[in-house]
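It should be emphasised that the depicted structure is a prediction, and the values quoted were computed from it without experimental measurement. Read the numbers this way: they start at 1 and go in the same order the structure lists the ligands and their atoms.
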Amino acid sequence: MAKAGGREAAAAAEVVLWREEARRFETPDGEAYLQYRLLAAAQPRSSSSFGDGGGATPAAAVMEMAHTYVPGSKRGRGLAARLCDAAFAHARERGMRVLPTCSYISETYLPRNPEWNELVITEKEPKPSSM
Ligand code: COA
């Protein structure tokens with residue numbers, strides 16, 4: 001019993017770093033990572049701009065989680081899930097929504113972690129745009 005889950009325990013102990021400039025969550029060696037993009041939320045056209053020219057840059061409101069990668073030697077023990085845990089917690093802390101375009105996140109991680117579904121942009125919602 002004491003040794004059960006050793007590989008999963010190793011993944012759970014793995015440090016995950018946020019590299020803001022690279023828009024990545026990654027392990028300290030950089031070999032395993034989750035790559036994201038920042039998008040602006042789709043906004044309805046406002047009819048009352050008050051002559052500001054509309055030139056303001058919208059704040060990033062959406063994290064498009066685009067790609068998750070774990071090297072072959074470390075797969076299958078929950079490391080990708082650890083990267084996702086960090087990225088989703090980051091989005092929630094900052095009040096951001098999530099657009100998961102990585103198949104691992106949409107097909108495997110989210111069904112196993114449905115507590116994050118409230119952050120996820122659904123098919124029925126307007127698509128966010130590039131910033
Ligand atoms: N799409 C959906 N699910 C996938 C997947 C994919 N492309 N690749 C693996 N999975 C599933 C596995 O079948 C496994 O399921 P199981 O637990 O029922 O056996 C589960 O993910 C493993 O989860 P976890 O241990 O958290 O993931 P991992 O650390 O092994 O890493 C990937 C998973 C996808 C990041 C890794 O396999 C990888 O880097 N693959 C190459 C790049 C890639 O295809 N990335 C995803 C698309 S962006």
[Y] backbone acceptor or donor facing [X] side chain under 3.5 Å:
X: Glu26; Y: Glu31; answer: no
X: Thr27; Y: Ala32; answer: yes
X: Tyr104; Y: Ala81; answer: yes

| query | Does CZ in Arg92 sit with more than 12 non-hydrogen atoms of other residues, nucleotides or ligands closer than 6.0 Å? | reply | no

| said: More than 12 heavy atoms of other residues, nucleotides or ligands under 6.0 Å from CD of Glu21: yes or no? | reply: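 Yes.
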
Any protein heavy atom < 4.0 Å from [atom]:
atom: atom 12 (C) of ligand 1; answer: no
atom: atom 8 (N) of ligand 1; answer: no
atom: atom 42 (C) of ligand 1; answer: yes

Check each atom of ligand 1 against the heavy atoms of [X] and keep those under 4.0 Å away; list them by number with element.
X: Ala80; result: 26 (O), 27 (O), 28 (P), 29 (O), 31 (O), 33 (C), 35 (C)
X: Thr68; result: 35 (C), 39 (O), 42 (C), 43 (C), 45 (N), 46 (C), 48 (S)
X: Ser103; result: 1 (N), 2 (C), 6 (C), 7 (N), 47 (C)
X: Arg77; result: 25 (O)

| query | Going by atom types alone, do Glu64 and Thr101 pair a side-chain donor with an acceptor below 3.5 Å? | reply |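 Present: a donor and an acceptor within the cut-off.
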
Would you indicate whether the side-chain heavy atoms of [Y] and [X] approach each other to under 4.5 Å?
X: Asp85; Y: Phe25; value: no
X: Phe88; Y: Ile105; value: yes
X: Tyr69; Y: Arg75; value: yes

Nearest protein heavy-atom contact for [atom]: which residue, which atom, what distance?
atom: atom 30 (O) of ligand 1; answer: Gly76 N, 2.6 Å
atom: atom 48 (S) of ligand 1; answer: His67 ND1, 3.0 Å
atom: atom 26 (O) of ligand 1; answer: Tyr104 OH, 2.6 Å
atom: atom 36 (C) of ligand 1; answer: Arg75 NE, 3.5 Å
atom: atom 3 (N) of ligand 1; answer: Thr108 OG1, 2.6 Å
atom: atom 17 (O) of ligand 1; answer: Arg112 NH1, 3.0 Å

| Taking atom 39 (O) of ligand 1 as the point of reference, which of Leu83, Val70, Thr101 owns the nearest heavy atom? |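 Minimum heavy-atom distance to atom 39 (O) of ligand 1 goes to Val70.
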
| For atom 25 (O) of ligand 1, which candidate among Pro111, Gly78, Ala32 provides the closest heavy atom? |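 Checking each option, the heavy atom nearest atom 25 (O) of ligand 1 is found in Gly78.
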
| task | Check the pair Leu99, Met65 against side chain to side chain contact (heavy atoms under 4.5 Å, CB included), reporting the backbone distance first and the verdict last. | result | CA-CA 6 Å; Leu99 181 64; Met65 297 189 189; over 6 Å; no

| query | Which part of Gln35 is near ligand 1, with near meaning a heavy atom under 4.0 Å away: side chain, backbone, both or neither? | reply | neither

